[in-house]
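Since this is a predicted model, take the numbers as computed values, not measurements. Just so you know, ligand 1 is whichever comes first in the structure, and atom 1 is the first atom listed for that ligand.
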Amino acid sequence: PPLGAMVNLNDIEESAKKVLSSTAWGYYASSSETENSHLNNLASFKRYWFRPRVLREVGQVDMSATFLGIPTSLPIFVCPAAMAGLGHPLGEVNITRGAGRTGIIQGISSNASCTVDEVAEARTEGQPLVYQLYLTKDRAVSERMVKRIEELGFRAIMFTVDAPVLGKRELDMKSKPVASETGGGNVAGSLAGYFDVNIGWKDVVWLRSITKLPIILKGIQTVEDVEIAADYGVDGVLLSNHGGRQLDFAPAAIDVLYELRQKRPDLMDKMEIYLDGGVRRGTDVLKALCLGAKGVGLGRPFLFANGAYGEEGVVRVVQILEEEIGIGMRLLGVRSLGELRPEMVQAIDARVH
Ligand code: FNR
């Protein structure tokens, strides 16, 4: 179906399912074991309902934000996700171009199909990029990588901390009929091995010591670890269960955010809090912002859009979210993101599935 017929992000996912190779679909769509982490990510937003205000003169709304001081047209970013090249020959570069055209920030995976030099080359003037780091066993390799992305003008590092081992992703495993003897025949398996599985908080100290770039810890899943992250002086945390691809039955980020809002709202003044996982609607974004998130990331929707429609698909994803966020803000009675307040959402049992 033509891109113009895509009304929401689920439509784009349906298109991707029809056109992607089984390897690409298997790798992108898979989540771990019973898939409950991912399914719960999607369902979690239905547990939060709005308390909208009216008669607030919402003729003009401003959807712009800053992440770590970096301006963004919308409070959303592209999550770092590996292997955009499985879905489209131009890989991450397409997403970089789409992000540039729409004014949002893109995270580049350590396992991107394109090199950091290629994505940097595809930027528009001043377009911000963030680098997602997995630590290699040989720290000198990681250190050289950090220096390279600093030279290229990347603006921050997302240090992924939820992957000491890869989750068991069964759709991905099944999408390759002949697995190698070691079981590493699937896409995810072939990416492991090179990275250090034995990382600890000392490595956050190490990373802080080798770069002045802002550091966001990606993959924090409890209030306890947000507290530790604050003690270690990182600039932000990304509440995430890796799109449900790591621990099965891991908490949805919006639930962790809700608990953080109740127990330690003070930490939201110390660090910037982000979330990802299952965000598919403008209202999902607004709920997270009401509860104190600075911004919200999306992973699969950009891979699916790139796979099915290339750069134009990436732009369309952002346009759909922009429209939905704008409608949502007006109907909530806010004119800027700063007016979104915790009292504008309430947690309740899901009413609709
Ligand atoms: C990811 N994600 C991820 N995260 C990371 O830190 N490094 C990586 O290389 C990857 N690779 C990756 C590949 C694919 C195919 C997916 C779907 C995801 C996780 C990603 O950054 C993000 O946390 C989730 O994608 C968010 O969930 P949704 O939006 O996909 O539901």
Report the C-alpha separation of D203 and R139 in whole Å, then their side-chain angles, then the decisive distance to 0.1 Å, and conclude whether the salt bridge (charged side-chain N to carboxylate O under 4.0 Å, His left out) test is met. CA-CA 10 Å; D203 296 300; R139 290 289 188 278; 2.9 Å; yes

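- Listed as neighbours of ligand 1 are Y27, Y28, C79, P80, A81, A82, S109, Q132, Y134, T160, K218, S240, H242, G243, R245, D276, G277, G278, R280, L298, G299, R300, L303, each bearing a heavy atom under 4.0 Å from the ligand.
- At distances below 3.5 Å, at least one donor-acceptor pair connects side-chain atoms of D235 with backbone N or O atoms of I215.
- Residues E14 and K17 are not paired through a salt bridge, judged by the lack of any N-O separation under 4.0 Å between the basic side chain and the carboxylate.
- Note on ring orientation: taking the six-membered ring where Trp is involved, the planes of Y134 and H242 are parallel (angle under 30°, cut-offs 30° and 60°).
- Under a hydrophobic clustering in which Ile, Leu, Val, Met, Phe, Trp and Tyr are joined whenever their side-chain heavy atoms come within less than 4.5 Å, directly or via other members, L217 and L247 fall into different clusters.
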Solution key, residues 301-316 side-chain donor-acceptor pairs under 3.5 Å, sequence neighbours excluded:
| residue | atom | partner | partner atom | Å |
| --- | --- | --- | --- | --- |
| N306 | OD1 | N94 | ND2 | 2.8 |
| N306 | ND2 | G91 | O | 3.4 |
| Y309 | OH | P1 | O | 2.7 |
| Y309 | OH | S15 | OG | 2.9 |
| E311 | OE2 | R101 | NH1 | 2.7 |
| E312 | OE1 | R101 | NH2 | 3.2 |
| E312 | OE2 | R101 | NH1 | 3.0 |
| R316 | NE | M6 | O | 3.4 |
| R316 | NH2 | M6 | O | 3.1 |

